[in-house]
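One structure is given here, and the rest of the page talks about it.
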Amino acid sequence: MEGRATVSTPAALPYYVAFSQLLGLTLVAMTGAWLGLYRGGIAWESDLQFNVHPLCMAIGLIFLQGDALLVYRVFRNEAKRTTKVLHGMLHVSALTIALVGLVAVFDYHRKKGYADLYSLHSWCGILVFVLYFVQGQVQ
C-alpha cells in the first residue's frame, strides 16, 4: 500500500461551496434576466450580438473559473489525476466561453464601425484575458 494520506476537510467547507455555487448561479441568472428583460435578449446575427459579451464573461471568467479554483478543495480525497483533469477542463471551458464573449464584442464593433479598445474597461478586460491565458500556459 502506498500510504495515501487522507486530508481532513473543514466542517464548514460544504456550506461555503454550496453558498459559492448559489451565488455564482444567481449571478449568471441575473445577468441573463437583465439581458433578456432590459436589453432585448441575445443573438449572434443582429444588434443583440453585443449582449453575448456580458453573459459569456459572467459564465466564463466568474462562474467557471471560480469552480476550477474550487476543485482542489472540494475533491481533496479523489485521485490527483481526476482532480487535475476536471480542473483543466473547467479552465479550458472558461477560457473558451470568455473567448466567445471577446469575439462577439469585436465582431459587433466591426459590423457597426465602432472603434475597438477605446475605454479603460476594454483595456482592463484584455489585460485580464491575456493574463488568464498566460497563467494557464505557465502552469
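Taking CD of Glu78 as the reference point, atom NZ of Lys84 lies at 15.5 Å (rounded to 0.5 Å). The OG1 atom of Thr82 sits 14.0 Å away from atom NE2 of His87, with the distance rounded to the nearest 0.5 Å. Separation of atoms SG (Cys124) and CZ (Phe129) is listed at 15.5 Å; rounding is to 0.5 Å. Put simply, OG1 on Thr96 and CE on Met89 are 11.5 Å apart, with the number rounded to the nearest 0.5 Å.
Here the closest heavy-atom approach between residue His109 and residue Phe50 is recorded as NE2-CE1, 4.2 Å. The shortest heavy-atom contact between Leu22 and Thr26 is O-OG1, 2.6 Å.
Residue Trp123 qualifies as open at atom CH2: its count of foreign heavy atoms under 6.0 Å is 12 or below. Around atom NZ of Lys111, more than 12 heavy atoms belonging to other residues, nucleotides or ligands sit under 6.0 Å away.
Residues Phe133 and Leu99 fail the side-chain proximity criterion, which asks for heavy atoms closer than 4.5 Å. With a 4.5 Å cut-off on side-chain heavy atoms, Val74 and Thr83 do not count as touching.
When hydrophobic side chains of Ile, Leu, Val, Met, Phe, Trp and Tyr are connected at separations under 4.5 Å, Tyr16 ends up as a singleton with no cluster partners.
A single hydrophobic cluster is seen to contain both Val134 and Tyr132, as judged by linkage of ILVMFWY side chains at heavy-atom distances under 4.5 Å, directly or through other members. No path of Ile, Leu, Val, Met, Phe, Trp and Tyr side chains, each step under 4.5 Å between heavy atoms, connects Leu131 with Leu102, placing them in separate hydrophobic clusters. Both Leu35 and Leu25 belong to a common hydrophobic cluster when Ile, Leu, Val, Met, Phe, Trp and Tyr are linked at side-chain heavy-atom distances under 4.5 angstrom. Leu48 and Tyr114 fall into different hydrophobic clusters, where Ile, Leu, Val, Met, Phe, Trp and Tyr are joined by side-chain heavy atoms under 4.5 Å apart, directly or via other members. Note on Trp34 and Leu37: same hydrophobic cluster, where clusters join Ile, Leu, Val, Met, Phe, Trp and Tyr whose side-chain heavy atoms are under 4.5 Å apart, directly or indirectly.
The existence of a salt bridge linking Lys112 and Asp47 is confirmed by a sub-4.0 Å separation between a basic side-chain nitrogen and an acidic carboxylate oxygen.
When the side chain to side chain donor-acceptor pair (under 3.5 Å) test is applied to Arg81, no partner is found at least two apart in sequence or on another chain.
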Listing, residues 51-72 side-chain donor-acceptor contacts under 3.5 Å, not counting sequence neighbours, or none:
from, atom 1, to, atom 2, distance (Å)
Asn51, OD1, Arg39, NE, 3.3
Asn51, OD1, Arg39, NH2, 3.1
Asn51, ND2, Arg39, O, 3.0
Asn51, ND2, Gly41, O, 2.7
His53, ND1, Gly101, O, 3.2
Asp67, OD1, Gln21, NE2, 2.4

